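Since the structure comes first, as structure tokens, the remarks are kept for the end.
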Amino acid sequence: MIKLSRRAAVAGAAALPLVSVMSRPARAADFSYKLATNLPPTHPLNVRISEALANIKQQTAGKLDITLFPNSTLGTDPVMLSEVRSGAIQFFTLSPLILSTLVPASAINGVGFAFKDEKTAFAAMDGKLGEYVRGEISKRGLIAFENIFDNGFRQITTSNRPINTPADLKSLRIRVPPAALWTSMFKDFDAAPTTISFNEVYTSLQTKIVDAQENPLAIINSAKLYEVQKYCSLTNHMWDGFWLLANPAAFNKLPADFQAIVRKELNAAALRQRVDVAALNSSLQSSLAKQGLAFNNTVPAAFRNALAQAGFYKYWKGQFGAQPWSLLESYTGPLG
Ligand code: X2X
């Protein structure tokens, strides 16, 4: 038996991993992964994903432990996209339009006034259009799970005026997410779009860096944007969602049964989240009005015609290509 001097014994103890000195180690997971989102913890996307991660941990007997990092805790959307590509994080929910910086085709669901309702949007995204986009995502080195999460139809909020007609958008200093299609749409409305990451939207509105933003009611509510906005104009100008992206090396490292559990639970979470978000987006107007937001309806055809006259549809048909565009129109009817 080797006897250590008291000094050596203490020094040796200090070099041991703390957990082996402090207590018997808990059974560490075989796989400790990270799932990042850009939404507030209370948004249904985080609520349902959190439930799914608990189910995954339970069904893998604790061997796969995926931790949720909501609210852009791990960085802005462009930073988190680079992290899921590198494998620094293993899962990430991201708007298809912001993903278009890597996968140009993925912005196609965001074409202005394309889908007439959520049912049509999910028929497309769960059908041939979504299949096409997920194939394009795979070609650029990421996995997108089958069921897209819902964001919803986007509405315009401002601090200075209601938006009743396209003319009201002229020179409007509006924040848009970091994606070419958003900037293109609001430039075609003759507005003044500024790209700002979502985690800076509240303060940008509060400090008047911009006067407006656009998001579905569930996000206007969960991010408390009603505290720094006065008007909400129901334009429904775009439907958007969130692909759940996975780093292929990390995902393929999992045993096949774990992979199946992850897909099952997270795809099921998306279906539950869609129901939650649709309910919120259709019920929040009254509570947001009580918070001080002044609502007005708009005439979609007027805004859609303004985009057509500005060449928006012709330009984006050229960007996406005739075949994907006709795939989109098979769900929306003729656009432009
Ligand atoms: O950045 C936004 O506005 C948000 C939260 O809706 C998206 O992720 C596209």
Side-chain angles (χ1 to χ4, degrees), residues 35-47 49 69-84 91-103 106-112 114-115 118 121 125 133 144 148-158 172-186 191 193-206 209-226 228-229 232-233 235-245 270 273-274 276-278 280-281 284:
L35 191 156
T37 82
N38 70 347
L39 294 184
T42 57
H43 190 280
L45 179 135
N46 286 313
V47 172
I49 284 177
F69 292 86
N71 228 11
S72 301
T73 313
L74 298 183
T76 63
D77 285 332
V79 164
M80 291 190 283
L81 176 56
S82 67
E83 287 173 343
V84 74
F91 301 98
F92 175 39
T93 55
L94 182 63
S95 158
L97 278 80
I98 300 175
L99 180 59
S100 67
T101 52
L102 173 67
V103 187
S106 72
I108 198 165
N109 66 263
V111 169
F115 298 119
E118 293 251 334
M125 302 312 288
V133 171
I148 194 167
F149 284 77
D150 191 15
N151 194 348
F153 283 93
R154 302 177 77 91
Q155 320 300 343
I156 296 174
T157 66
T158 77
L172 179 71
R173 300 188 311 135
I174 185 168
R175 172 267 173 179
V176 293
L181 193 142
W182 261 299
T183 300
S184 159
M185 179 187 286
F186 283 92
T194 300
T195 294
I196 298 174
S197 285
F198 185 63
N199 59 326
E200 296 167 4
V201 169
Y202 186 97
T203 51
S204 298
L205 293 167
Q206 189 178 40
I209 290 171
V210 289
D211 299 314
Q213 69 85 45
E214 42 81 62
N215 250 294
L217 298 189
I219 285 188
I220 294 167
N221 184 60
S222 60
K224 300 185 186 304
L225 300 181
Y226 52 83
V228 290
Q229 296 282 256
C232 183
S233 302
T235 50
N236 294 296
H237 56 275
M238 176 198 291
W239 177 85
D240 196 20
F242 296 95
W243 285 118
L244 201 156
L245 304 171
Q273 183 261 5
R274 292 179 188 179
D276 297 342
V277 169
L280 282 174
N281 283 337
L284 277 172

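Note that ligands are numbered from 1 as they come in the structure, with each ligand's atoms numbered from 1 the same way. Here the structure is a predicted model, which is why all the values come from computation and not from measurement.
Between the D150 side chain and the V277 main chain, no donor and acceptor come within less than 3.5 Å of each other.
The shortest N or O to N or O distance between R154 and ligand 1 is below 3.5 Å. Ligand 1 has no N or O atom lying under 3.5 Å from any N or O atom of W182, backbone or side chain. The N/O atoms of E214, backbone and side chain alike, include none that comes under 3.5 Å of an N/O atom in ligand 1. Ligand 1 has no nitrogen or oxygen under 3.5 angstrom from a nitrogen or oxygen of D77.
Residue-ligand proximity, L39 to ligand 1, at heavy-atom distances under 4.0 Å covers atoms 5 (C). With ligand atoms numbered from 1 in the order given, ligand 1 contributes 5 (C), 6 (O) to contacts under 4.0 Å with heavy atoms of I219. The ligand atoms of ligand 1 that sit less than 4.0 angstrom from a heavy atom of P177 are 1 (O), 2 (C), 3 (O). Near F242, with a cut-off below 4.0 Å to any heavy atom, the atoms of ligand 1 are 8 (O). Listed by number with element, the atoms of ligand 1 under 4.0 Å from a non-hydrogen atom of N215 are 2 (C), 3 (O), 4 (C), 6 (O). Heavy-atom proximity to S95, at under 4.0 Å, picks out these atoms of ligand 1: 9 (C). Listed by number with element, the atoms of ligand 1 under 4.0 Å from a non-hydrogen atom of N151 are 6 (O).
Using modelled atom types and a 3.5 Å distance limit, the side chains of T37 and N46 yield a donor-acceptor pair.
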Practice task
For side-chain contact (heavy atoms from CB on, under 4.5 Å), just list the numbers for T157 and I220, CA-CA rounded to whole Å, side-chain angles, deciding distance to a tenth of an Å, and then say yes or no.
Solution key: CA-CA 9 Å; T157 66; I220 294 167; 3.6 Å; yes

Handout entry: Chi angles and distances behind the side-chain hydrogen bond (donor to acceptor under 3.5 Å, both in side chains) call for S95, D240
Key = CA-CA 7 Å; S95 158; D240 196 20; 2.6 Å; yes

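Atom SG of C232 sits about 6.0 Å away from atom CD of Q155, to the nearest 0.5 Å.
Residue V201 does not touch ligand 1, judged by heavy-atom distances below 4.0 Å.
Residues F149 and H43 place their aromatic rings such that the two centres sit no closer than 6.0 Å.
Of all protein heavy atoms, the one closest to atom 8 (O) of ligand 1 is N38 ND2, 2.9 Å.
Evaluated by nearest non-hydrogen atom to atom 2 (C) of ligand 1, the leading choice among M238, R175, H43, Q213 is R175.
For the pair L181 and A107, the tightest heavy-atom approach, listed with the atom from each and the gap, is CD1-O, 3.9 Å. When every heavy atom of R175 is checked against every heavy atom of I196, the shortest pair comes out as NE-O, 2.9 Å. Nearest heavy atom pair, residue A144 against residue L245, reads CB-CD2, 4.0 Å.
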